[in-house]
Amino acid sequence: MLWTVIPGHAEDMARTGENKMFLPGVPIAPGVEVTGDLTVLAQASAILMVVPTGALREVAGKLAGLIRPGTPLVACAKGIEPKTDRFVTEVIAAAAPAATPAILSGPSFAADVAAGLPTAVTIASADESVAAWLAGAIGSASFRLYHSTDVRGVEIGGAAKNVLAIAVGIAHGRKFGASAAAALITRGFAELRRFGLAHGARPETLAGLSGLGDLVLTCSGPQSRNFSLGFKLGSGEPLPAPGSGPLAEGFFTAPVLVEMAAKAGVEMPIAGAVEAVLAGRIGIDEAITGLLTRPQKAEAA
Ligand SMILES: NC(=O)c1ccc[n+]([C@@H]2O[C@H](COP(=O)([O-])OP(=O)(O)OC[C@H]3O[C@@H](n4cnc5c(N)ncnc54)[C@H](O)[C@@H]3O)[C@@H](O)[C@H]2O)c1
Ligand SMILES: O=P(O)(O)OC[C@H](O)CO
């Protein structure tokens, strides 16, 4: 079942058999019911919450009074809630206390998944039997799910990689070459790992599909909206108005990620540079010079 909040969208999808607004050219699979009625969706045995991080609390709150107790609400958003510093499953738990929060994350462009191209991602819930059940229910030959109980690790990887991909996009936009991009991905991963470990994530999760795997994918090129935002900035284009153009979650995550890192005493210079550029406090050249002139240190420090 596919639910949409946009007036007339469900009727349009039912009529055309296609989600022209968000996934044009991909037929909606036969047997998938489309609805604009949340009470209908709420009867499902599990619900994938595929909305931006900023809308997660609102949608989970609307579902709270409609779902059966224990229904898994699976965050598919990759971010951290601004202002509250809450990770996505914490937002679901707060807004829908009767639900079972879970998270689905990993290297997967929606267009690739929809086209049936081979994809592997991670699904996590505190209760391993719930995660394993969801993996069996959602997985297919082309959409391979690994299950985990490291909810925090999975949600941190997805949130941080978007910010770091903006940095890599900037480097490509500035024509810095593949060597610089590899350095940024590697040192960016060191930041993601430090942040994750400081917040209770398991190292193997951070190095897995939802962490390193998704960082690599999102830094791979313009199919990523976060990479593309960085690329445009690196090419000299102005910052688009917030909320205009395709959703780049890293834009919204950067300030809260950097603030939480500072509170936890975690060094994240690349994420910090991205945040400062997006906030307009420094220019791209100044950010790059700042990163390159940091004091030398041991690689594993
Ligand atoms: N597109 C991808 O390849 C992909 C892959 C993995 C994860 N994600 C993550 O999924 C999340 C959503 O991204 P997307 O690509 O689907 O974005 P999108 O902009 O393509 O679609 C967002 C969807 O959320 C709905 N929505 C927005 N605000 C809403 C609200 N207040 N109430 C109800 N519905 C609302 C929109 O109608 C739309 O259907 C993001 O956190 C993103 O990082 C995206
Ligand atoms: O287009 P992006 O940058 O939001 O990335 C989409 C997915 O998160 C990649 O796994």
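Order of appearance sets the numbers: ligands from 1, and atoms from 1 within every ligand. We use all heavy atoms of the structure for the numbers below, so side chains are in, but hydrogens, waters and symmetry mates are not. Just so we're clear, the structure is a prediction, and the values are computed from it rather than from any experiment.
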Part of [X] with heavy atoms under 4.0 Å of ligand 1, whether side chain, backbone, both or neither:
X	result
I6	side chain
E58	side chain
V51	both
C76	backbone
R225	side chain
K78	both

Looking only at the aromatic ring of each residue, does the gap between the centers of H199 and F195 stay below 6.0 angstrom?
yes
Return yes when T4 approaches ligand 1 closer than 4.0 angstrom through a heavy atom, no otherwise.
no
Does ligand 1 have any atom sitting under 4.0 Å from a heavy atom of S108?
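Yes, that is the case, since the closest heavy atom of the residue is under 4.0 Å from the ligand.
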Give me the nearest non-hydrogen protein atom to [atom] as residue plus atom name, then the distance to 0.1 Å.
atom	value
atom 43 (O) of ligand 1	E249 CG, 3.5 Å
atom 10 (O) of ligand 2	D214 OD1, 2.6 Å
atom 5 (O) of ligand 2	K161 NZ, 3.6 Å

Backbone N or O of E237 within a donor-acceptor pair of the S235 side chain at under 3.5 Å?
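The answer is no, because no donor-acceptor pair under 3.5 Å joins these two groups.
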Which of the ligand 1 atoms, numbered from 1, are nearer than 4.0 Å to a heavy atom of V50
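Close to V50: 16 (O), 23 (C), 24 (O).
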Give the single entry among F22, F109, F252 that approaches atom 21 (O) of ligand 1 most closely by any heavy atom.
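When every heavy atom of F22, F109, F252 is considered, F22 comes closest to atom 21 (O) of ligand 1.
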